[in-house]
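Remember, predicted model here, so these are calculated numbers, not experimental data.
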Amino acid sequence: MVTDLLNNSGYRTKIRRLSNGKTTGGGKFQPNAVLHILRNPYYKGCVTHKGQIYQGQHEAIIDEETWGRVANHEESRAKSCCSRNFMAPSFLKGIIRYESCDTVMMPTHCVKKGVRYRYYTCQKHLKFKSCNSSFKTVPAGPVEEQVVNEIVRILKLPEILMHIDKLAEENKEITREDVIDALQNLNEVWNYLYPVEQRKIVKMLVTSVLIQNNGLKLNLNLDGLNRLLIELS
């Protein structure tokens with residue numbers, strides 16, 4: 001794995017100094033950061049602007065053929081990840097709760113005709129205790145997909161864009177455009193990530209997921225968002 005090769009060879013992420021005197025970076029590479037680098041068109045001599053890719057004026061350090069091989073490999077990997085996701089640990093474990101009874105929901109599953117179905121089930125219900133929730137068990141896949149979609153929606157809100165402006169002001173080595181591109185890239189590479197990587201990102205960004213009678217509510221962790229954006233940028 002490229003991440004292991006980099007870390008075992010002694011390479012570390014770039015150290016950045018914030019305007020408040022603190023430093024960030026200098027740690028081991030994470031898989032999602034390496035994937036961002038591998039998919040960054042800057043290294044094949046291109047630049048991005050508002051989601052569009054243009055030929056840059058700088059010299060490419062990766063030729064087009066190599067870039068294409070990596071892209072084809074990641075496309076194949078994404079398809080295999082989709083099949084592995086079905087057998088993967090539930091990435092909302094520990095942060096998903098029923099709001100009405102304020103109870104943690106536990107990952108459960110059942111097997112019917114050789115097919116494994118994943119769920120999140122109220123812990124009170126599992127222990128045969130009284131539960132006020134309308135839905136004591138919910139399918140894991142649709143809930144997880146809804147959480148990811150909600151994260152993407154929240155990250156596009158004006159309040160988050162204002163937060164990004166503040167982050168760029170505090171960290172002089174990244175720009176607002178860098179951070180916006182990082183967010184767009186995160187959405188693009190999500191299906192390429194291993195389930196354990198998806199779970200790590202969700203737990204970094206979200207403090208809790210509350211299942212309500214009319215939907216779900218996410219509580220975002222802004223400190224975790226800062227760390228993730230700086231790492232991706």
Side-chain angles (χ1 to χ4, degrees), residues 1-48 53-85 87-89 91 93 148 151 164 167-168 170-206 221 223-233:
M1 191 174 182
V2 177
T3 306
D4 294 332
L5 178 62
L6 286 171
N7 292 330
N8 293 337
S9 299
Y11 291 99
R12 295 295 181 263
T13 60
K14 183 178 180 180
I15 298 177
R16 295 185 174 93
R17 184 173 297 278
L18 305 180
S19 59
N20 59 10
K22 295 182 179 181
T23 59
T24 184
K28 291 185 176 181
F29 281 90
Q30 299 299 322
N32 56 303
V34 174
L35 184 57
H36 171 67
I37 293 173
L38 292 175
R39 291 172 57 85
N40 191 339
Y42 179 86
Y43 299 107
K44 67 169 184 175
C46 297
V47 295
T48 58
I53 300 177
Y54 304 95
Q55 185 63 44
Q57 297 181 349
H58 61 283
E59 183 178 355
I61 61 174
I62 300 177
D63 61 82
E64 190 69 34
E65 181 181 356
T66 302
W67 179 267
R69 289 206 306 268
V70 171
N72 291 335
H73 172 74
E74 290 304 324
E75 183 177 354
S76 300
R77 182 173 178 267
K79 294 178 181 179
S80 66
C81 280
C82 290
S83 61
R84 281 199 305 274
N85 277 345
M87 297 296 292
F91 64 72
K93 180 181 179 180
V148 173
I151 290 174
I164 289 174
L167 178 64
E170 293 177 348
N171 192 331
K172 299 302 182 182
E173 294 191 19
I174 63 174
T175 65
R176 185 178 190 273
E177 288 72 24
D178 290 333
V179 181
I180 295 296
D181 285 344
L183 282 178
Q184 292 176 342
N185 186 72
L186 177 61
N187 187 31
E188 292 173 0
V189 305
W190 179 262
N191 288 330
Y192 292 86
L193 300 177
Y194 286 102
V196 65
E197 298 161 2
Q198 294 175 340
R199 182 177 177 183
K200 177 181 177 181
I201 291 175
V202 169
K203 288 204 168 186
M204 186 181 293
L205 293 177
V206 180
N221 179 3
D223 288 337
L225 174 62
N226 288 350
R227 294 196 303 272
L228 180 65
L229 292 179
I230 292 174
E231 181 179 310
L232 291 176
S233 298

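- Once rounded to the nearest 0.5 Å, the distance linking CD of E65 with NZ of K44 reads 13.0 Å.
- In Y11, the OH atom is not crowded: 12 or fewer heavy atoms of neighbouring residues, nucleotides or ligands sit closer than 6.0 Å.
- Listed by chain and number, the residues in a side-chain contact (heavy atoms from CB on, under 4.5 Å) with Q57 amount to none (sequence neighbours excluded).
- No more than 12 heavy atoms of other residues, nucleotides or ligands shown are found within 6.0 angstrom of NZ on K93.
- Of all heavy-atom pairs between L205 and I151, the closest is CD1-CG2, 4.0 Å.
- Between R12 and N7, the shortest heavy-atom distance links the atoms NH1-O, 3.2 Å.
- A60 and G45 make their closest contact through CB-N, 3.5 Å (heavy atoms, listed as atom of the first residue, atom of the second, distance).
- The CE atom of M204 sits 10.0 Å away from the CG atom of L225 when rounded to the nearest 0.5 Å.
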Subject >> Worked verdict on V47 versus H58 for side chain to side chain contact (heavy atoms under 4.5 Å, CB included) >> reply: CA-CA 9 Å; V47 295; H58 61 283; 3.8 Å; yes

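- Under a 3.5 Å cut-off, the side chain of K28 and the backbone N or O of G10 do not form any donor-acceptor pair.
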